[in-house]
Every structure is written in C-alpha cells, then in structure tokens.
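No experiment lies behind these values; they were computed from the predicted model shown.
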Amino acid sequence: MSTISREEVARLAGLARIDLTEAELTRLAGELDVIVDSVAKVSEVATADVPATSHPMPLTNVFRDDVPQEPLPVDAVLAGAPAAEDGRFLVPQILEED
Amino acid sequence: MAGTTGSDLTRRSAADLAQALRAGEVSSVEVTQAHLDRIAAVDGAVHAFLHVSAEDALATARDVDARRAAGEDLAPLAGVPVAVKDVVVTKGMPTTAGSRILSGWVPPYDATLVERLRAAGLPILGKTNMDEFAMGSSTEHSAYGNTHNPWDLDRIPGGSGGGSAAAVAAFEAPLAIGTDTGGSIRQPGAVTGTVGVKPTYGGVSRYGLIALASSLDQAGPVTRTVLDSALLHEVIGGHDPRDSTSLPDPLPDLVGAARQGLTGDLTGVRVGVVRELNGEGYQAGVRDRFEESLELLRAAGAEVVEVSCPHFEYALAAYYLILPSEASSNLAKFDGMRFGLRVEPTDGPATAERVMGATRGAGFGDEVKRRIILGTYALSAGYYDAYYGSAQKVRTLIQRDFAAAFAQADVLVSPTAPTTAFRLGEKLDDPLAMYLNDVATIPANLAGVPGLSVPNGLVDGLPVGFQVLAPARADDRLYRVGAALETLLEQRWGGPLLAQAPQLPTVTEGSTR
C-alpha cells in the first residue's frame, strides 16, 4: 500500500510543529510505513453504506445554566507559564520579520 | 494497637479499612501513614509513584479523623487513601502525564474526580507513573523511568496506567485512579493481578483529565477487590456539567451489584464468550485460565453461550487511526506558551512557531512523536477519507456487533490481555507488537461500553485477567459478575491471588517518619 518517505515525514512534522532530528526522520519513516500498512485494513469493510461514528454516546443539545462562575486567579494560572509579564503570558515574537 | 500494625493495614481492602475507620479501631492518620511507610519501603524497587504528597495526605487524614470524632456523617470511604494517575490534574500537586514537556507543572485547579475524592475525604497519597500522555501498554514510555511489576521486577506492569496498578498490587495504596483509552486500566490490572474498571463512556467526568483521545478516554477505579472498585466508582462517577460528554443518568447501584455478586450465585445470567477475542494470538496458559473461569461461572448458574463479533478484528486498526488523529489535535496545546516546557531553537530567530517546534521536539518522547505524526498523516488532505473516515465507519460496525451480541447475552467475556507481563525492553522497538497488547480491550472504548478486569489465576507465576463487558450504562452487571468470579476463585485459591505474590525487597520501614 502506501510508502511514507522521509520527506513526507518531514512535511508532517512541520505541520505538527515538532522538530525532528535526521535520525528520527529516518526511523519514523520506516516505522510509520509498517503501521500505516497495518491499519489500512479498515478500508476493507468501510463501505459507502456504513455511516461514520465520531462519538460513542451521541448526546445532543448539551446545555447548562448560564451562571457566572469565579475564574481561576490570574497569578495561579501564570505561575505555570514559561514566562509572564504584567499579568499576561509572555510569548516569543509571533510574526516573522520579512 | 495489637493486630493493627502498619503492614497489616496496607494489606486490607478499602472496604475493610472503611469499616475499621467507622468502628474507631484505627485512625485515618494511622492508615495513611502505614501506606506512606510502605511507599518509602518498596517504591525504590517498584517506582509506581512520580510524586508522593505525604503532607497533603496526612492533612486530609487529620481532618477526617477530627470530623469523625466530632460525630460528622462521612462518606463511606472517608479516610481511606488513594493514589491518582499523573494524567489527572491536581491543584497544588505536580502533574506531568509522564511527559518531559510538563516537568514541574503544578496545575491551578483540580479535576472533577479529584474534587470528589477530596470532598469524600480520601487522602491523596501521590501521583502514579504512566506512559507519556497515556500512550503505551507497558509504562516504558514514561519520561521518568520504568515502573516494575511487583510480581517480577524485571517485567512490565502494563500500561498506560502501570503506576496505579503496581501501587495497588504492591500494597502501596488500597485504591488508585486510572484512565482507560484503549485498555490502560484493564490491561495493567490483568498483568499485575489487580482489579480495574473502565466505566461507560461519560460515566466519570473527563474534566481535568489531560486529554489523549477525547472520544475514547474514561477514568475509573484501580483496586485489589471488585467491591472496592464499586465503592470508588460511586465516589468519582455521575454527571458533571463541566464535561459536555458526561452522562446525565444517575449511576446504577454498583456497590449493591458487587455485594450481590459476592454471594457467588449467577443463576439466570447469560454470559457471552466472544469468539474473536480468544484463540490465535492468546498465550496457551491465558486460554486455560479463561476456560477454568468459564467453568466456575457455569457452576454458579450462569448460562454460557458463544457470540460472534466479526468486526472486532478491525478494531485495533481503527483505534490506531482514531486515537492518533484525536491525540494530534489534543496535544497541539503543548506549544510552550502557557504552561510547561519552553525551548528556544539553537539558531535562527526565536519566533513563536519555531519555539513551538523546538519545545515539542525536545519535550515529547518517541511514542508521542510517532502517534502525532501518524495522526497528522491520517487527517491530512487526500488521506482523510481512506483512513480517519474509514476508521469511523469501523466504529459503527463494532457498535453494531456489540448490539447484536448483547441481544444474546447480559455480559460478554474474554481474556483481558493476550499474554502475561513481558520483560522490560522486550517490545520497545516494535510498536506493532506493543499495540497488540490491547487487542481485547480496545473494542469497548470504540463503542463506549464498560469493562472490568478481575484476576483469574497465574501462568508460570504471573497473573492473568478475565474481562467482563456490559452494555452502556449497565456497569452494575460488571460488578455482579466480576465479584461472583472473584469470590469463586478465592474459595479455590484459599485467599486473594495477591497473597501469592513474592515479597518485595524493602528498605527499613518507618525510616521516613
């Protein structure tokens, strides 16, 4: 069935925002090929007449009363952040300079 | 206090401890300290815990003792300590989900199930080891070292909840919390000789569980007896408005069902043996123990029939498309911005996007990377229909198989895991071989039905488990049948299976007092 190349793994890693080493790319390409070959058997029985199920217990119109509740204290939330300043998350530059 | 030394206390069931606490024979401080001492003595060898919260546990214990002395009406398990899997967030207590990316993170809030444990007065002993983000069947994918099976320290304790199962099996805790996405409560139960229950999907709130696959995840009890699981399930279960997938229905009478089962009478209960969850791929000894257990059920009055679930052979494949797909989305939140690790790239501009890539590259382990990439692939343009779409259709077919089977039987049964505990390292380099450990447990997660594993014997000195599955919302049936089998087996063994476990090496007890 499919073959997942090293380049394809690199592209997927880019989409998933995970920096992989050269060694990881090579190893994952081999492993994913085997795994994808194995899981592709789902298409044998997934015919057009079978509806898809996304959720085991279909619940609809799940509402709760619209009651304001105490939010978490800002300090407690920011205590776990890698960096914070002035009561906010401090994050790296968001846009590239070009 | 003759007869209630620390080591005696750690070997008693939660139900017994609760009774002794109510009768005033022992205090919660004594019970909690006995377990903390046991952890100090054996956890160097077992490594079930990532964090031990002695002060927090003893503070709860003192509070419960004071309230009991004041005549307050307390919850049934008040004062009985519990260990919590590290994927469940605990306010003021480190929570890592076994991942380096959350090293040192202290959550600002409690999961709903933790709130319920605290409200019921259960001292929390600490957080238990697990495969990183619950991805694995051996706990070897933890970023914080292996947990060792108390039956043989060179073997795996199962996974992903190997820490919770090992803690209970090693008498470090009478109760523990697990989570089960494809078998992570039941399979560790099987290989450590303990009881584990995955409730009906939505039966226990997922609020405050670090999500792996949201349509599959379910928290549940990990204990040494079926009755103890029922007692703990009743503490943590029930509707939670903070989880939109939480079932609004009240829980069935789980403790009552377990007590009924303990009479050993199963007259009129129809037990369906799933043809596809036995035979090829299952170790011969596992099949032998399973057949012996079926004989006991028949002798107890159950009607044992064979049922067929022809699409179960596609369950593993569907699971390894659905789970990675959901995980790749759920784990996107680990971006190095709001909590946990942040790593800057070694060269070039430190933009948010590049920091995210560097953080995830450094913070995630091999299995997490493997599954996120697999999920990204399954969800990507051009492959979505063939992989994720097909897997969702298989999910429908598996639900139909269950519906047909439950028309013929009240519960379905199988071996919980195909083999006994394997050696540490044995399957680490073969992802597919590792995935096969959950072949019998995964169908329940795909369909949302509840499942229980109860120890049903030894093969070459290692425990095996018997799985019971029930229709959605009929968790009480698990407890009735599980407790009946447990009591019949214990009559045969002359006591609990764990009484046959080898002594663990200990460092001097009481040295941490």
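- Expressed to the nearest 0.5 Å, how far OG of B:S380 lies from CZ of A:R11 amounts to 5.5 Å.
- Chosen from B:R473, B:R342, B:E326, the residue pairing most often with chain A at heavy-atom distances under 4.5 Å is B:R342.
- Residues B:S215 and A:P56 have side chains in contact (heavy-atom distance under 4.5 Å, counting atoms from C-beta outward).
- Contact record, A:T47 with B:K393: O-NZ, 3.1 Å, taken as the closest heavy-atom pair.
- For the pair B:P431 and A:I35, the minimum side-chain heavy-atom distance is below 4.5 Å.
- Of the two parts of B:S244, the backbone and the side chain both hold a non-hydrogen atom closer than 4.5 Å to a non-hydrogen atom of chain A.
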Exercise answer: donor-acceptor pairs, residues 355-375 of chain B side-chain atoms, under 3.5 Å, sequence neighbours excluded:
unit_1: B:T359; atom_1: OG1; unit_2: B:V343; atom_2: N; d: 2.9
unit_1: B:T359; atom_1: OG1; unit_2: B:V343; atom_2: O; d: 3.3
unit_1: B:T359; atom_1: OG1; unit_2: B:V355; atom_2: O; d: 2.7
unit_1: B:R360; atom_1: NE; unit_2: A:A16; atom_2: O; d: 3.1
unit_1: B:R360; atom_1: NE; unit_2: A:R17; atom_2: O; d: 3.0
unit_1: B:R360; atom_1: NH1; unit_2: B:L331; atom_2: O; d: 2.8
unit_1: B:R360; atom_1: NH1; unit_2: B:F334; atom_2: O; d: 3.1
unit_1: B:R360; atom_1: NH2; unit_2: A:A16; atom_2: O; d: 3.0
unit_1: B:D366; atom_1: OD1; unit_2: A:R27; atom_2: NH2; d: 3.4
unit_1: B:E367; atom_1: OE1; unit_2: B:R370; atom_2: NE; d: 3.0
unit_1: B:E367; atom_1: OE1; unit_2: B:R370; atom_2: NH2; d: 2.5
unit_1: B:E367; atom_1: OE2; unit_2: B:R371; atom_2: NE; d: 2.6
unit_1: B:E367; atom_1: OE2; unit_2: B:R371; atom_2: NH2; d: 3.2
unit_1: B:E367; atom_1: OE2; unit_2: B:Y435; atom_2: OH; d: 2.8
unit_1: B:K369; atom_1: NZ; unit_2: A:E24; atom_2: OE2; d: 2.7
unit_1: B:K369; atom_1: NZ; unit_2: B:G361; atom_2: O; d: 2.8
unit_1: B:R370; atom_1: NH1; unit_2: A:E31; atom_2: OE1; d: 2.9
unit_1: B:R370; atom_1: NH1; unit_2: A:E31; atom_2: OE2; d: 3.2

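- The shortest heavy-atom contact between B:A350 and A:P92 is O-CB, 3.3 Å.
- Taking all atoms of both residues into account, the shortest heavy-atom contact from A:S43 to B:A386 is CB-O, 4.5 Å.
- With rounding to the nearest 0.5 angstrom, the OH atom of B:Y383 is 8.5 Å from the CG atom of A:L12.
- A heavy-atom distance below 4.5 Å is not found between the side chains of A:V9 and B:Y377.
- Proximity to chain A (any heavy atom under 4.5 Å) is shown, for B:E313, by both the backbone and the side chain.
- Annotation for B:R395 and A:S54: closest pair NH1-O, 3.4 Å, computed over non-hydrogen atoms.
- A:F89 places none of its side-chain heavy atoms less than 4.5 Å from the side chain of B:M337.
- Of residues 59-70 of chain A, those residues with a non-hydrogen atom less than 4.5 Å from any non-hydrogen atom of chain B are, in numerical order, A:L59, A:V62, A:R64.
- Using a 4.5 Å heavy-atom cutoff, the side chains of A:V42 and B:L321 are in contact.
- Between A:L72 and B:Y109, the closest side-chain pair of non-hydrogen atoms falls below 4.5 Å.
- Side-chain contact check for B:R338 versus A:V77: every heavy-atom pair is 4.5 Å or farther apart.
- In terms of non-hydrogen atom pairs under 4.5 Å with chain A, the most contact-rich of B:L216, B:T245, B:V106, B:L102 is B:T245.
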